[in-house]
Protein chains: 2
Amino acid sequence: MTLAAVARTAGVSVSTASLAFSGLGPVSDATRDKVLAAADTLGYSGPDPRARSLRQGRSGVVGMLVENSVIRAFRDPVNVGMVDGVAEVLGDAGAGVLLLTDAPHARSAFDNAAMDGMVLSGCSPLVAELLESLRRRHIPTVLLGSRARPGVPAVDVDNLTATEQLARRLAELGHRQAATVTLPLDAAGTQFVSPALLAGAGGDTAADRLRGFWSVFPTGVALAATDSTVEEGERIGRLLLDRVDRPTAVVAQSDLLAAGVVRAAEGLGLAVPTDLSVVGFDGIELQTFTSHALTTMRQPMQDKGRTAARTVLRLIEGGRPRSVTLDCEFVPGTTIAPPPP
Amino acid sequence: MTLAAVARTAGVSVSTASLAFSGLGPVSDATRDKVLAAADTLGYSGPDPRARSLRQGRSGVVGMLVENSVIRAFRDPVNVGMVDGVAEVLGDAGAGVLLLTDAPHARSAFDNAAMDGMVLSGCSPLVAELLESLRRRHIPTVLLGSRARPGVPAVDVDNLTATEQLARRLAELGHRQAATVTLPLDAAGTQFVSPALLAGAGGDTAADRLRGFWSVFPTGVALAATDSTVEEGERIGRLLLDRVDRPTAVVAQSDLLAAGVVRAAEGLGLAVPTDLSVVGFDGIELQTFTSHALTTMRQPMQDKGRTAARTVLRLIEGGRPRSVTLDCEFVPGTTIAPPPP
DNA sequence: CGATTCGATCGAATCGATTCGAGTACGATA
DNA sequence: TATCGTACTCGAATCGATTCGATCGAATCG
């Protein structure tokens, strides 16, 4: 069923039929009715999106990349929130969301799909490569959760300052011996993070949060997780708490990691916050994970997604939107206290 | 940058350039090199997916619909697992996943996006309407988690039998007074579910699981949740446990709901499983939610997604794949015991 | 040496719409 | 009645590839 067939049946030209359907051009009521009637008779269900997108030069689809597999990415509510924000704004704009991962097997879809724009979230080691591919294809791109690049605006929170604020609270409570659990820092899976290593690192989330931590606790131990999960937080937490120089406070770079640290502490018979203070990052709803109200920094996940989507839409329309830094909000919680005497 | 420009620069015809690029036709090495060199010079990044999809009649995109908003859908790991399975298989096939919701604002994307096929998950009240739209557009569709329709195969587990097995375990332990918490049953948000109401219902997940429950406990009370969340499970759980005819066992239709019921019980000072037995459904990893190992029926979420994706791919290729029913596996857990004397 | 075959290349049709400029007919105005 | 304007309608170009059948040249075979 093509528009041509409908036009023939209705006894009008293809162009008129097109106008009648889209409701754009001046078409008499009689003609429009004829066309719609013919379409109905023939079971024509509207113009073929493929043809339309070729002609119009846009497909009405925006790609959204999340790190790792879908299942790993969406284990963290932060990613879910961001995708939700993106989907909401794009949906309102009549666009669809093509869900992509940086897994190797999804690469072909990434390279071959028709997309008008792209939201690249996370700081995958592949980002540079993917960006280059998108640049060659002239696909307007927005980074979500990493630093802007020339010609590629970014949407993020100020990770450094936010973490600094958290660390400062701990310092003000009297903590001198603090440690941190970072998000994955590099592809190599380094565990013990030294300042030297960080110097070479870029402006990733993990690196910025670590800088914020070190700006308050310059000698604090930093261990990197391999994933942002409760289990991994528990594992690293145990490593930290087993050290001879056991910290009195832990700054975890995500709430999931923080929940793991709390668990590790309780597993070792330490009370939170009396024996150990713990702060997280993200502000996801955690009642379901621990009985504590986690002290953390809430970041606006959905707003990040919405803003990224709006930014990419503006790019698609030819605008030159600027990068956006959104604000975090401190969540007091009940997992910090002065260090034990 | 078009293929035509590349062909001109390389001094060959467009058709030859196309053959050289796709690597399909017989092209001499010399020619191929010339074409690729020209492409490189001009910064041509491969054929335009829009044009290609028009000509080939397929876009390399398969839609996947989840219920509610992204954030609500992905609060339940079951949906995440299914999307992961779908993404995995489609990725391997070189296809992309267009993530759609049944929210009103996403409708335009649903109707206008170029898709070769569609996986409709859940039992949204809109399913009938969406199916009709897809039928008119001749988009091959697979249902995931609801009953097959004429011409539309489905992938699901045997919800009735699986729930029956769970209920039977409870009966065998001596329970006579059991209640159930169902997933949302209808758009109206009915809370107290009567057999009469169920008779009119279709073959939805919630209805089938309820039938399984009633086939063992014909007089058991059934309350419907409005959502599959821990909070909602706790709310309904309290309602059930406040009744004068307090049940000694609760069959929750999802693990999240079950976790909520466990919480409600503990909140009322009841011990699980001594005072109250609770079973769930799904087999998601719940260590993070309760200290109990939930007794439940594990359903293969990712496999459901994978199977649905394979089925839709077969449909796209013109095959006539059959509906598939996957198996569940009983997870003993520690939340059931004989009823208190 | 002529006929046959095969590999490489090309031209042109095609996918299904959108869109622009041109054209037509009708009614209104002077 | 002639002219102008308005409201519709149409034809044709275009988007950027893929693909089929035809052609051409060289190599192989009898």
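Every chain is numbered from 1 and lettered A, B, ... according to where its sequence line falls, protein lines coming before strand lines.
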(request) Mind running a 4.0 Å heavy-atom check of residues 14-29 of chain A against DNA chain D and sending the residues that fall below it, in number order? (result) A/Ser15, A/Thr16, A/Pro26, A/Val27, A/Ser28
In the structure I gave you, are the side-chain heavy atoms of [X] and [Y] within less than 4.5 Å of one another anywhere?
X        : Y        : result
B/Leu315 : B/Val142 : yes
B/Ser228 : B/Leu183 : yes
B/Phe21  : B/Val27  : no

(message) Both B/Ser13 and A/Thr2 contact DNA chain C. Which one's nearest nucleotide lies toward the 5' end?
(response) B/Ser13
Salt bridge between [X] and [Y], side-chain N to carboxylate O under 4.0 Å?
X        : Y        : value
B/Asp48  : B/Arg55  : no
B/Glu317 : B/Arg314 : no
A/Asp116 : B/Arg50  : yes

(request) Determine, step by step, whether B/Arg107 and B/Ser133 satisfy the side-chain contact (heavy atoms from CB on, under 4.5 Å) criterion, reporting the C-alpha distance in whole Å, the side-chain angles of both residues, the deciding distance to 0.1 Å, and the verdict. (result) CA-CA 11 Å; B/Arg107 187 58 197 270; B/Ser133 163; 4.0 Å; yes
(request) Identify, between A/Arg32 and B/Arg52, the residue whose nearest nucleotide on DNA chain D lies closer to the 5' end. (result)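 Its nearest nucleotide being more 5', the pick is A/Arg32.
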(request) Could you tell me which nucleotide pairs with D/dT23 by Watson-Crick or G-U wobble geometry, both distances under 3.5 Å, or answer none if nothing does? (result) C/dA8
(message) Applying the Watson-Crick and G-U wobble criteria at under 3.5 Å, what pairs with D/dA2? Answer none if nothing qualifies.
(response)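 Paired with D/dA2, as far as the under-3.5 Å criterion goes, is C/dT29.
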(message) For chain A and DNA chain C, what are the first and last nucleotides along the strand, 5' to 3', with at least one atom under 4.0 angstrom from a heavy atom of the protein chain?
(response)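 It runs C/dG16 to C/dT19.
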(message) Checking salt bridge (charged side-chain N to carboxylate O under 4.0 Å, His left out) between A/Arg147 and each of A/Asp208, A/Asp156, A/Asp204, which is the one that passes?
(response)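 Going through A/Asp208, A/Asp156, A/Asp204 one by one, the salt bridge (charged side-chain N to carboxylate O under 4.0 Å, His left out) with A/Arg147 is satisfied by A/Asp208 alone.
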